> 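Pasting a structure here, questions to come.
Computed from a predicted model, the values in this text were never measured in an experiment.
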Amino acid sequence: MEPINIKRQELENIYGKISPFEFKNKLIQLATKPNKKSTRTLLDAGRGNPNWISHLPREAFFTFGHFAIQESRQSWNQGPLSGMPRKTNIASRLYKYIEENPTMPEIGFLKKIIDYGVNTLKFDRDSFVYELTDAIIGDNYPFPDRMLVHIEKIVKEYLIQEMKYNICEGGNFNVFAVEGATAAMCYVFDSLIANNLLLKGDKVAIMTPIFTPYLEIPHLPRYEFEVVYINADEKTSDGKHTWQCSNEELEKLMDKDIKALFVVNPSNPPSVAISPKASEKLVDIVKNHNSDLMIICDDVYGTFVHGFESLMAKLPYNTIGSYSYSKYFGVTGWRLGTLALHEKNVFDKLIDELPYSIKKRTNKRYSDMNTHPEKVPFIDRIVADSRQVALNHTAGLSTPQQVQMAFFSASALIDKENIYKNMTIDICHTRQKLLFDSLGLELTADPNDAAYYTQFDLLQWAQTHHGKDFANYLEENYKPVEILFALAEESSIVLLSGGGFAGPKWSIRISLANLYDEAYSQIGVALKKILDGYVNKWKKN
């Protein structure tokens, strides 16, 4: 038993001092410690990778790849070498290929994607099919480097449909295809600094709880921002978290010294969307008190809430929208994401208002890519900055990735009955109910709850079910990390601390996406056993 105690002590020493994701990896080592008496399966509910995939657009993608190779070989075929696809009449050849190969995987679905572009979006047939064919082959640099023309239009339709990006109020917007929301986050932070929109020591706001990199990046030596936390502090009359920000918290944003706001909506880890009431308050504050506030909004979980509306819809002028396909379509390995910004936006306005001395320096930064660098919009500066400007001509997401992104987008646009969307939403809510049922807790319906994760506040549970005295006893005699230890050692269950996401210290985050249904009942039973043990000890004392 001694080695386990030593390991636990080591983990306790680093708890709260490293990222919860890094700490999770340590817990996994504890949960998988060799034990001849145990045949338990590791249940890692600490990471948000979903255990489902969208297969239709994938199969269509690989089938289309066969057509693209055939096109290459028709232009030049010499042993192991072939040429580049040719544009003339390529659409006719594709439709003929579809007709002659009815047994190819999801070739009918591929036809629906092409028909959608030609008939609904009114693309020129040959231009559209040629772009896809050349892109899936990957034989050219991305051009335009920000995003391929037809693919961008499909992705824009997807973002309008699913995120409710607002072209009526905000006007047209541009999309930059990026390597997932992770890259989007890095690119935005870097470009805000490169363009002097944020300076070292500037005041920024973060809505919490939130995905940990948004907490960690502002404190890096390169940024050293002064951070104001906008806390989701609202509770119901019986003490349950709603994971919404009160008016008092949102009113912190009236401070005009706060230059930027970072938001994950729906949040991570509670995965609850900003309520209409809170959105209205936020809109009022920005429009009437802090009109130059720059908002960076990550909407990755938006598709898991019926009728979701991004802040890009509510505040199109002030917001740059980040989205990742990873969670919805099960494509974390593909690294597919977008940055979107309306053509009329506060970022370009603030760049234009920079003092001459600063503007002169930033103009020099982009002078090699435009003879009028002052006219380069912020979205294109992000593209250039992603390659240190000097390599702007090689910027952009790889073209095969862009094709897969287009196929995923088209699959959602074609699915008029939202069959896939309803299935993914049902999966998450079913698992959430299984978890709560096994904990013996009532689950309150919340239309803003994505149920992709759940954040369970142990102290709130203790006080609600056993009174304030027990909650005090728990807090005074135990540490949150002890529950994580017990779950890992006794049940091979790995969860994350909610405190690492700037949530309540005694909260835990449970991913509802990455394990099969029955696992959540097991997690609930194991967690309840530990909690009941604390209750029994308290009663004896």
Side-chain angles (χ1 to χ4, degrees), residues 49-72 85 90 94 97-98 104-118 121 123 127-159 161-163 175-184 299-300 302-303 322-340 386 395-415 420-421 424:
N49 198 98
N51 67 343
W52 66 79
I53 68 164
S54 173
H55 66 265
L56 298 182
R58 281 176 165 92
E59 288 188 292
F61 175 89
F62 291 121
T63 290
F64 184 69
H66 283 284
F67 166 77
I69 292 294
Q70 179 176 296
E71 283 294 298
S72 299
I90 192 170
L94 173 59
Y97 179 85
I98 291 171
M104 289 288 285
E106 292 303 332
I107 199 158
F109 191 71
L110 171 61
K111 183 177 184 298
K112 288 182 180 179
I113 293 173
I114 303 302
D115 286 346
Y116 174 80
V118 173
L121 299 184
F123 292 156
S127 297
F128 177 42
V129 174
Y130 176 73
E131 179 179 280
L132 293 177
T133 306
D134 188 65
I136 202 169
I137 290 293
D139 60 343
N140 278 304
Y141 289 107
F143 184 80
D145 46 20
R146 181 169 52 76
M147 200 166 188
L148 302 183
V149 174
H150 297 87
I151 289 175
E152 181 184 8
K153 290 178 181 176
I154 294 173
V155 169
K156 285 169 72 171
E157 291 298 315
Y158 172 77
L159 294 172
Q161 174 179 290
E162 299 297 340
M163 302 291 108
V175 182
F176 175 24
V178 295
E179 303 90 338
T182 305
D299 295 321
V300 60
T303 48
S322 168
Y323 176 73
S324 169
Y325 289 71
S326 298
K327 305 302 192 291
Y328 189 40
F329 295 102
V331 287
T332 51
W334 258 109
R335 315 309 297 139
L336 305 178
T338 60
L339 275 173
S386 74
L397 184 68
S398 77
T399 58
Q401 285 175 284
Q402 292 195 43
V403 174
Q404 183 69 94
M405 187 186 294
F407 280 25
F408 283 127
S409 298
S411 71
L413 293 163
I414 292 167
D415 184 9
Y420 180 81
K421 171 181 262 191
T424 59

> Does a side-chain heavy-atom distance below 4.5 Å link Met405 with Leu397?
yes
> Look at atom NZ of Lys112 and say whether more than 12 heavy atoms of other residues, nucleotides or ligands are closer to it than 6.0 Å.
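Counting other residues, nucleotides and ligands, NZ of Lys112 stays at 12 neighbours or fewer.
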> Give the minimum heavy-atom separation between Ala60 and Phe109, together with the two atoms involved.
CB-CD2, 4.0 Å
> So, Phe123 versus Tyr116, ring centres under 6.0 angstrom or not?
no
> Less than 4.5 Å apart, any side-chain heavy atom of Thr338 and any of Phe176?
no
> Which pair of heavy atoms, one from Thr399 and one from Ala135, lies closest together, and at what distance?
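The answer is OG1-O, 2.8 Å.
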> Verify side-chain contact (heavy atoms from CB on, under 4.5 Å) between Tyr323 and Leu339, making sure each step is shown before the conclusion.
CA-CA 7 Å; Tyr323 176 73; Leu339 275 173; over 6 Å; no
> Is there a side-chain contact between Thr303 and Lys327 (heavy atoms, below 4.5 Å)?
no
> Are Gln404 and Leu336 packed together at the side-chain level, in the sense that at least one heavy-atom pair is separated by less than 4.5 angstrom?
yes
> To the closest 0.5 Å, what do you measure between CD (Glu71) and CZ (Phe64)?
8.5 Å
> Please round to the nearest 0.5 Å and tell me the distance separating atom NE2 of His150 and atom CG of Leu148.
10.0 Å
> Is there a side-chain contact (heavy atoms from CB on, under 4.5 Å) between Glu106 and Phe62? Walk through the geometry before answering.
CA-CA 9 Å; Glu106 292 303 332; Phe62 291 121; over 6 Å; no
> Compare all side-chain heavy atoms of Lys156 with those of Glu152 and state whether any distance is below 4.5 angstrom.
yes
> Quick check: closest heavy atoms across Ala410 and Ile154, and the distance to 0.1 Å?
N-CG2, 4.0 Å
> Under 6.0 Å between ring centres: does that hold for Tyr420 and Tyr328?
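Ring-ring flag for Tyr420/Tyr328: true, centres closer than 6.0 Å.
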> Check side chain to side chain contact (heavy atoms under 4.5 Å, CB included) between Ile53 and all other residues, then give those that pass, not counting sequence neighbours.
His55, Arg58
> Locate the shortest heavy-atom distance separating Ser322 from Ala184; write the atom from each residue and the value.
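Nearest pair, atom of Ser322 first, then Ala184: OG-CB, 3.6 Å.
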> Within the structure provided, determine whether Leu94 and Ile90 are in side-chain contact (heavy-atom separation under 4.5 Å).
no
> Do Phe61 and Phe408 make the cut of ring centroids closer than 6.0 angstrom?
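When the ring centroids of Phe61 and Phe408 are compared, they turn out to be at least 6.0 Å apart.
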> For Gln70, what residues pass the side-chain hydrogen bond (donor to acceptor under 3.5 Å, both in side chains) criterion, not counting sequence neighbours?
none
> Just how far is it from atom CG of Asp139 to atom CG of Asp134, taken to the nearest 0.5 Å?
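Asp139 CG to Asp134 CG: 4.0 Å, rounded to 0.5 Å.
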> Under a 3.5 Å cutoff, is there a donor and acceptor pairing between the side chains of Ser409 and Tyr325?
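Side-chain D/A pair, Ser409 to Tyr325: present.
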> Under 3.5 Å, is there a donor-acceptor pair between the side chain of Gln161 and the main chain of Ala412?
yes
> If we only count heavy atoms from C-beta on, is the Ser326 to Trp334 side-chain gap below 4.5 Å?
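Side-chain contact under 4.5 Å: no.
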> Would you indicate whether the side-chain heavy atoms of Val129 and Ile114 approach each other to under 4.5 Å?
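Touching, per the 4.5 Å side-chain cut-off.
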> Indicate yes or no for a side-chain donor-acceptor contact from Arg146 to the backbone of Val175 under 3.5 Å, with no hydrogens or angles considered.
yes
> Would you give the length of the straight line joining atom CD1 of Ile107 to atom CD1 of Ile98, rounded to the nearest 0.5 angstrom?
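Result: 5.5 Å between the selected atoms.
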> Do any N or O atoms from the side chain of Thr63 and from the backbone of Pro105 form a donor-acceptor pair under 3.5 angstrom?
yes
> Test side-chain contact (heavy atoms from CB on, under 4.5 Å) on Glu131 and Ile151; report intermediate values, then the result.
CA-CA 8 Å; Glu131 179 179 280; Ile151 289 175; 3.6 Å; yes
> Rounded to the nearest 0.5 Å, what's the gap from CG on Leu56 to CZ on Phe329? Could you check?
10.5 Å
> Between Glu162 (side chain) and Gly302 (backbone), is there a donor-acceptor pair under 3.5 Å?
no
> How long is the gap from NZ on Lys421 to OG on Ser411, to the nearest 0.5 Å?
12.0 Å
> Is a donor from one side chain sitting under 3.5 angstrom from an acceptor on the other, for Gln401 and Ser398?
yes
